[in-house]
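Heads up, the thing below is written out as structure tokens.
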Amino acid sequence: DVVRRKAKFHLVRSLGQCLFGCTVLFAANVLFAGTSPVPTPLPCAGDCDGNESVTAAELITGVNVALDRAPLETCRAFDASADGRVTVDEVATAVHAALAGCPPLPLGAYFWPDHAFGQTGSALGDLAAFGLNTVVAYYEYVKPDAITGDSQPDCHELANEAEALGVDFFIGAPRGTQVRPLDDEALAARLQATVDCVRVSPRYRGWMIDEPELTGYDAALLARFVDILRGIDPRHRVWVNFPPFATDEQVRSLGAMADILGFDIYPVREGDGSVLPNLALTEVGALTQKARDLGPPAAEVWMILQAFGYSDLPYEGGHGRRPTPQELRFMVYDALLHGARGITFFGSHQLRNLIPLDEPVWDDGVRGATRELGQIGPVIRRSEPVERVSGEPAA
């Protein structure tokens, strides 16, 4: 408590000295030098007026709220955790937004890298060229003790590529069956090594735990994993993703510690042998709403939508089909209209050899959606309704 009070004092003094005649950037660099990058959740932390920027005056407002010199209603954009108060960490996040700018709407691909499948070239470069700004990287290809080589880059190479292309990344967590045999010390050592390797990159955003109920996690094991991870890396976010058939109890218990929560869904027929039911496209919105209803109050919902199929692909031996660009676009907006604040497309790890980049689902589907969402993203982030939205239609 003494340390936190001192941090508050120094932050107030630095910001008070800056005001508008001095730059907040200098104060922020001095205050946070040597720390890991601070993630910026949506809506933009500290953006009191919703204009997609954070000013010195807004930072001072946040400090006053943190010190109980102003009511929270003065600027709720500082309360990223939605717990009714503003902490030093939340003010620090707003300072990062003032330095780096407000983040774009997360538009992602799941998973990266595709190097695991022996493909060549930059899959991440392909994804970035289509307007995507967020990826999930396999844990097996990020951990520092991975065998490096042409088909298996190490964590430094992955982080450097993401930084060079301006793409944010999450680490895909190990399976529960891999975590369960480890004691706390061994698990902490593995997570620490990975975090140390990637958190020097400003593009590192946190960890993604995919389908925990199918990979060996129960609520107790997941809570242990997240507790240890947060002890090592409290500033980055935890994203928990579920399959469409997860029960309400699984979503509640396994999603209880999530900062981001959502579902992946494949409503277009998957083909022979698929364990996934054939669902109506409107199930995307229904599952988005389910994530909002059952997840923690402060958690954002990011949905993973079928873009490239799975069991329809040749090496899976399936006979399904991929969604059309129109189906893809419907899924995107059905999710957004039900409260999603991040959109991710599944299937990127097969794209280079198995899904030609000139297929309609890419150019007409993904590129068209990202162009539109790039324009309306700032409106989606606003907590207050707007009367009019305008932008250029997608080509």
Side-chain angles (χ1 to χ4, degrees), residues 39 41-43 79-84 105-106 108 110-111 134-137 139 168-180 187 191 205-267 275-277 279 283-306 331 334-346:
L42 300 173
D79 183 18
S81 63
D83 62 356
L105 183 76
Y110 172 90
F111 277 112
T134 305
V135 294
V136 179
Y139 174 72
D168 294 340
F169 66 93
F170 285 78
I171 306 300
R175 299 171 65 88
T177 52
Q178 296 172 298
V179 171
R180 190 174 297 279
L187 176 58
L191 297 180
R205 289 293 179 260
W207 289 66
M208 195 266 219
I209 302 163
D210 186 38
E211 300 184 343
E213 75 285 17
L214 298 182
T215 62
Y217 284 100
D218 58 21
L221 181 62
L222 186 62
R224 181 168 77 92
F225 178 87
V226 175
D227 276 340
I228 292 173
L229 178 61
R230 290 199 194 280
I232 294 168
D233 187 15
R235 293 192 170 194
H236 291 88
R237 309 171 82 189
V238 174
W239 175 7
V240 179
N241 180 62
F242 295 94
F245 44 78
T247 67
D248 288 4
E249 177 54 34
Q250 287 171 333
V251 176
R252 286 194 188 96
S253 61
L254 295 170
M257 303 183 71
D259 302 304
I260 304 167
L261 183 144
F263 287 87
D264 52 23
I265 180 169
Y266 310 87
V275 299
L276 297 173
L279 302 174
E283 284 296 306
V284 171
L287 285 174
T288 304
Q289 188 64 52
K290 183 175 181 176
R292 293 185 63 193
D293 292 342
L294 300 180
E300 291 176 5
V301 175
W302 292 13
M303 295 295 284
I304 298 179
L305 307 179
Q306 177 189 13
M331 288 190 283
D334 197 31
L336 293 174
L337 289 171
H338 284 84
R341 291 299 176 263
I343 297 294
T344 303
F345 301 110
F346 177 82

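Note that the structure is predicted; figures quoted are calculated from it, not measured.
- Under the side-chain hydrogen bond (donor to acceptor under 3.5 Å, both in side chains) criterion, R252 pairs with no residue at all, not counting sequence neighbours.
- Legend: residues meeting salt bridge (charged side-chain N to carboxylate O under 4.0 Å, His left out) with D218, ordered by chain and number and at least two apart, are R180.
- The distance from the OG1 atom of T134 to the CG atom of L105 is 8.5 Å, given to the nearest 0.5 Å.
- Here the closest non-hydrogen pair linking G295 and L261 is CA-CD1, 4.0 Å.
- A search for side-chain hydrogen bond (donor to acceptor under 3.5 Å, both in side chains) contacts involving W207 returns Y204, not counting sequence neighbours.
- Residues F225 and V238 have side chains not in contact (no heavy-atom distance under 4.5 Å, counting atoms from C-beta outward).
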For R205 and D259: C-alpha separation, side-chain torsions, deciding distance, then whether salt bridge (Lys or Arg N to Asp or Glu O under 4.0 Å) applies. CA-CA 11 Å; R205 289 293 179 260; D259 302 304; over 6 Å; no

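- For D334, the salt bridge (charged side-chain N to carboxylate O under 4.0 Å, His left out) test picks out no residue, with sequence neighbours left out.
- Residue pairs that meet the salt bridge (Lys or Arg N to Asp or Glu O under 4.0 Å) test with at least one member in residues 289-298, sequence neighbours left out, are D248-K290.
- In terms of the side chain to side chain contact (heavy atoms under 4.5 Å, CB included) criterion, residue partners of T288 (sequence neighbours excluded) are, by chain and number, V284, V301, M303, A335, H338, A340.
- With sequence neighbours left out, the side chain to side chain contact (heavy atoms under 4.5 Å, CB included) criterion links R224 to V179, D184, L187, L221, I228.
- For P296 against A258, the heavy-atom pair with the smallest separation is CG-O, 3.7 Å.
- With values rounded to the nearest 0.5 angstrom, W302 atom CH2 is found 5.5 Å from R237 atom CZ.
- When the side chain to side chain contact (heavy atoms under 4.5 Å, CB included) test is applied to T177, the partners found at least two apart in sequence or on another chain are R175.
- The aromatic rings of F263 and F242 are tilted relative to each other, their planes meeting at an angle between 30° and 60°.
- Looking at heavy atoms from C-beta onward, T215 lies out of side-chain contact with D210 at the 4.5 angstrom threshold.
- Within the 4.5 Å cutoff, side-chain heavy atoms of I209 are placed close to those of V226.
- The line from OG1 of T344 to CG of N241 is 8.5 Å long, rounded to the nearest 0.5 Å.
- Annotation: side-chain hydrogen bond (donor to acceptor under 3.5 Å, both in side chains) contacts of Q250 (sequence neighbours excluded): T247.
- Among all heavy-atom pairs drawn from G84 and D79, the shortest one is N-OD2, 2.9 Å.
- With hydrogens and angles ignored, the 3.5 Å screen pairs no side-chain donor or acceptor of D264 with any backbone N or O of I304.
- Here CG of L254 is found 12.0 Å from CG of L294. Values are rounded to the nearest 0.5 Å.
- You'll find the side chain of P212 reaches within 4.5 Å of the side chain of V240, heavy atoms only.
- E249 meets the side-chain hydrogen bond (donor to acceptor under 3.5 Å, both in side chains) test with no other residue; sequence neighbours excluded.
- No side-chain heavy atom of M257 sits less than 4.5 Å from a side-chain heavy atom of L222.
- Separation of atoms CG (D233) and CG (L191) is listed at 9.5 Å; rounding is to 0.5 Å.
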